[in-house]
Amino acid sequence: MPYQSPAADLRFLMDHVVGFGQVAQTDRFEEATSDTCDAILTEAAKLSDEILTPLQRPGDLHPAVLENGVVRTSPGFADGFKAIAEGGWIGMSADPEFGGMGLPLTLTTAVNDMMAGACLSLQLNPLMCQGQIEALEHHASDTIKDTYLPKLISGEWTGTMNLTEPQAGSDVGALRSKAEPNGDGSYAISGQKIYISWGDNDFTENVCHLVLARLPDGAPGTKGISLFMVPKFIPNEDGTLGARNSLRVVSLEHKMGLHGSPTAVMEYENATGWLVGPEHGGMAAMFTMMNNARLGVATQGIGVAEAAYQHALAYAMDRKQGKAGGTGTIAEHADVRRMLAAMKADTFAARAIAMANAVAIDMTTATGDAAWKARAALLTPISKAFGTDVGIEVAETGIQTHGGMGFIEETGAAQYLRDVRVTAIYEGTNGIQAMDLVARKMMDGGDAAFALFDEIEAVAEDAKSKLPELVEPVWQACETLRETTEWLVAQDMQDRFAGAVPYLRAFARVLGGYYHLLAALQGDAGRTRLAAFYIKRLLPEHVALLAHAREGADELMAITLDDLVA
């Protein structure tokens with residue numbers, strides 16, 4: 001069974017679970033009518049299923065290569081990207097002033113979900129472009145906006161993000177790249193960057209790099225970092241392309257997955273660049289792009305989970321092995337049924353969290369309401385960490401569902417795991433996401449979290465008479481999470497950090513239970529059965545996770561390095 005985009009599931013979430021109706025009712029997004037949403041989801045599904053899905057295996061088997069300084073992309077990727085660009089999918093949420101559609105991020109998130117499930121290696125390119133577009137919209141000068149945004153939105157040019165250096169990974173403040181003023185408003189950028197997704201390609205006119213570097217008077221650490229636009233080809237005043245800039249792809253990384261996506265080591269040697277945002281304000285500008293990317297990466301994990309599930313389901317419904325009733329296939333065995341149900345239930349939970357996050361961002365954009373802004377900020381690290389963890393876990397379970405055939409590359413089951421594994425690492429590791437949740441996102445004393453808990457418990461109270469066997473576990477789990485959050489905000493940072501990962505996972509488990517409950521309340525028998533599986537079998541994990549979270553740091557840090565070596 002080839003990949004089929006989950007357009008119907010995404011529309012169900014928008015209509016019945018994550019409250020997209022609120023977005024469509026705002027003046028800002030009044031054009032996001034029901035008919036518009038249907039048309040977009042239908043066309044994006046067609047693009048994903050018919051054009052992008054056939055590129056999945058070729059991208060893995062015929063990776064991007066660097067030949068004589070030129071990046072050669074995988075077979076069919078040029079045509080695939082052309083279809084994405086010409087369909088306007090890159091600039092769905094971009095400013096109409098520069099050629100974007102101005103549509104809600106929720107719709108963009110749904111489209112990215114389908115495209116990631118179809119071919120993650122290629123989808124990573126427009127995702128990087130979308131992040132760069134948002135960063136420029138918020139922080140760039142009018143001149144840079146006028147020059148770059150129309151080209152990025154149209155897909156004539158593509159964009160990258162250059163943070164990491166060999167000695168500066170998560171500790172971005174340790175970077176050594178330098179920027180020297182040229183005296184004409186431009187800067188000479190020098191340094192090496194690694195892990196640059198889609199650092200170059202052979203199908204667009206220009207590649208636009210956003211590069212973090214330090215000015216001569218920049219303070220040590222992150223406070224002294226500035227952000228620069230450094231294009232492969234320097235645009236002339238009329239927008240045409242001029243001289244080749246002094247930057248190059250040194251090599252392409254040899255990765256365990258995402259072979260169709262060229263991940264470059266970039267070298268800048270007095271390359272010409274222009275400041276984006278204020279001097280020494282690079283991190284604020286880059287975080288605009290990274291926060292966009294974190295939701296996007298969550299969606300990548302979810303898209304791969306969907307594809308891996310469909311792949312495993314098709315195999316399980318065809319493979320006959322052992323004694324089983326019904327169809328006689330392995331899908332009739334209880335343990336295989338358990339794996340398939342867990343894959344589907346977790347994918348739904350992660351997708352609902354990400355879509356709810358997108359709705360909160362859209363409501364922030366449309367209303368400026370501080371409560372929506374806090375909700376969006378709270379959900380971002382949960383979306384990123386849980387969405388990518390689910391992608392990895394579902395892909396791994398997909399291999400297990402295949403049995404021995406899952407370990408054979410020809411089945412394609414292993415590719416999903418190899419491709420998705422990096423999503424828990426880039427755009428801030430999932431451990432960093434958890435630390436962000438318990439620290440920065442709890443600087444309000446937990447108010448945003450408590451507001452969400454109030455919402456969950458209010459819905460549960462109203463639904464007691466409808467599905468009591470599902471409502472009560474969700475209410476109780478939310479109350480346990482509330483109690484742990486009250487404990488958490490009273491602790492010092494080391495104690496918070498020691499239990500941050502299990503706390504985030506428990507938070508996601510409870511949110512998943514809530515969104516499954518909302519789905520079940522719509523009265524569909526299949527969704528009710530799936531919700532019961534999640535709430536009764538997966539949600540109880542929150543108890544152990546929160547117990548872990550509340551242990552604090554003392555015993556953990558008492559384990560010495562000698563203990564670990566022994």
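Quick note: residue numbers are just sequence positions, from 1.
- Remark: Arg527 engages Asp9 in a salt bridge, criterion side-chain N to carboxylate O under 4.0 Å.
- Contact check for Val501 versus Asn430: no side-chain heavy atoms found under the 4.5 Å cut-off.
- The aromatic rings of Phe12 and Phe348 sit tilted, their planes meeting at an angle between 30° and 60°.
- The two residues Val23 and Val359 make their nearest non-hydrogen contact at CG2-CG1, 3.9 Å.
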Intermediate values then yes/no, side-chain hydrogen bond (donor to acceptor under 3.5 Å, both in side chains), Gln130 and Ser93: CA-CA 8 Å; Gln130 289 167 357; Ser93 296; over 6 Å; no
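- Considering every non-hydrogen atom in both Leu127 and Gly296, the closest pair reads CD1-CA, 3.7 Å.
- A distance of 13.5 Å separates CE in Met114 from NZ in Lys46, rounded to the nearest 0.5 Å.
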Verdict with reasoning, Gln56 to Tyr416, per side-chain contact (heavy atoms from CB on, under 4.5 Å): CA-CA 10 Å; Gln56 166 80 350; Tyr416 295 113; 3.5 Å; yes
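- Side-chain contact between Leu481 and Tyr503: present, with at least one pair of heavy atoms (C-beta onward) separated by less than 4.5 Å.
- Between Gly87 and Met101, the shortest heavy-atom contact is O-CE, 3.8 Å.
- A donor-acceptor pair is defined here as one N or O able to donate and one able to accept, closer than 3.5 Å; such a pair exists between the side chain of Arg496 and the backbone of Gln491.
- Side-chain contact check for Arg505 versus His542: every heavy-atom pair is 4.5 Å or farther apart.
- The side-chain heavy atoms of Asp362 and Leu107, taken from C-beta on, include no pair separated by under 4.5 Å.
- Residues Cys129 and Gly159 come closest through the heavy atom pair SG-N, 3.5 Å.
- Panel note: side chain Glu30, backbone Ala24; no donor-acceptor pair is recorded below 3.5 Å.
- Atom CH2 of Trp487 is separated from atom OG1 of Thr485 by 10.5 Å, given to the nearest 0.5 angstrom.
- Side-chain atoms of Thr33 and Thr36 form a donor-acceptor pair, as typed in the model, at a separation below 3.5 Å.
- Remark: Glu555 CD is loosely packed, at most 12 non-hydrogen atoms of other residues, nucleotides or ligands lying under 6.0 Å away.
- Here the CG-CE distance, from Leu124 to Met115, works out to 10.5 Å after rounding to the nearest 0.5 Å.
- The side-chain heavy atoms of Leu136 and Gln132, taken from C-beta on, include a pair separated by under 4.5 Å.
- Looking at every heavy atom in both residues, Glu332 comes nearest to Gly325 through CG-O, 2.9 Å.
- For Phe453 and Phe507, the ring centers are positioned less than 6.0 Å apart.
- Atom CG in Asp554 sits 12.0 Å away from atom CD1 in Ile559 (nearest 0.5 Å).
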Steps toward salt bridge (Lys or Arg N to Asp or Glu O under 4.0 Å) verdict (Glu427, Arg294): CA-CA 6 Å; Glu427 304 307 333; Arg294 283 171 176 169; 5.7 Å; no
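- For Ser5 (side chain) and Ala7 (main-chain N/O), no donor-acceptor pair under 3.5 Å exists by modelled atom type.
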Verdict with supporting geometry, Tyr514 and Glu457, side-chain hydrogen bond (donor to acceptor under 3.5 Å, both in side chains): CA-CA 9 Å; Tyr514 172 51; Glu457 292 183 358; over 6 Å; no
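- The 12-atom threshold is exceeded at CE of Met493, counting heavy atoms of other residues, nucleotides or ligands nearer than 6.0 Å.
- In this structure Tyr195 satisfies the ring pair (Phe, Tyr, Trp, His ring centres under 6.0 Å) test with no other residue, sequence neighbours excluded.
- Judged by distance alone, with hydrogens and angles left aside, the side-chain atoms of Asp444 form a donor-acceptor pair with the main-chain N or O of Ala448 at under 3.5 Å.
- Within 6.0 Å of atom CD in Glu483, more than 12 heavy atoms from other residues, nucleotides or ligands are found, so the atom counts as buried in its surroundings.
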Test side-chain contact (heavy atoms from CB on, under 4.5 Å) applied to His333 and Arg337, step by step: CA-CA 6 Å; His333 292 288; Arg337 191 71 62 89; over 6 Å; no
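- A salt bridge links Glu455 and Arg375; the closest N-O separation between the charged side-chain nitrogens and carboxylate oxygens is under 4.0 Å.
- Between Leu511 and Arg509 the shortest side-chain heavy-atom distance does not fall below 4.5 Å.
- Annotation: side chain of Thr160 is not in contact with side chain of Met128 (no heavy-atom distance under 4.5 Å).
- Formation of a donor-acceptor pair under 3.5 Å by the Tyr3 side chain with backbone atoms of Ser48 is not found in this model.
- Distance alone, capped at 3.5 Å, is enough to place a donor-acceptor pair between the His138 side chain and the Glu134 backbone.
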Pair Met317-Leu313, side-chain contact (heavy atoms from CB on, under 4.5 Å): steps then yes or no: CA-CA 6 Å; Met317 294 180 70; Leu313 177 65; 3.6 Å; yes
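- Of all heavy-atom pairs between Leu504 and Pro381, the closest is CD1-O, 3.6 Å.
- Remark: Arg482 engages Asp454 in a salt bridge, criterion side-chain N to carboxylate O under 4.0 Å.
- Legend: salt bridge (Lys or Arg N to Asp or Glu O under 4.0 Å) pairs involving residues 12-24, not counting sequence neighbours, sorted by first then second residue: Arg11-Asp15.
- Atom CG of Leu258 and atom CZ of Arg418 lie 9.5 Å apart (nearest 0.5 Å).
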Steps toward side-chain contact (heavy atoms from CB on, under 4.5 Å) verdict (Asp346, Tyr534): CA-CA 8 Å; Asp346 259 349; Tyr534 183 98; 3.5 Å; yes
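- Between the side chains of Ser383 and Asn357, at least one donor-acceptor pair of N or O atoms lies under 3.5 Å.
- Side-chain contact between Met92 and Ile40: present, with at least one pair of heavy atoms (C-beta onward) separated by less than 4.5 Å.
- The pair Lys536-Glu469 fails the salt-bridge criterion, with no side-chain N (NZ, NE, NH1 or NH2) lying under 4.0 Å from an Asp/Glu carboxylate O.
- For the atom pair CD1 (Ile382) and NZ (Lys441), the distance works out to 9.0 Å, reported to the nearest 0.5 Å.
- Side chain to side chain, Asn125 and Ser261 fail the donor-acceptor criterion of an N or O pair below 3.5 Å.
- Side chain of Gln400 to backbone of Glu396: no donor-acceptor contact under 3.5 angstrom is found.
- The backbone N or O of Ile425 lies less than 3.5 Å from no partner atom in the side chain of Thr429, so there is not a single donor-acceptor pair.
- Checked by atom type, the side-chain pair Tyr426/Gln300 shows a donor-acceptor distance below 3.5 Å.
- His548 places no side-chain N or O within donor-acceptor distance of the main-chain N or O of Ala544, the cut-off being under 3.5 Å.
- Using modelled atom types, one side-chain atom of His516 and one backbone atom of Ala345 make a donor-acceptor pair closer than 3.5 Å.
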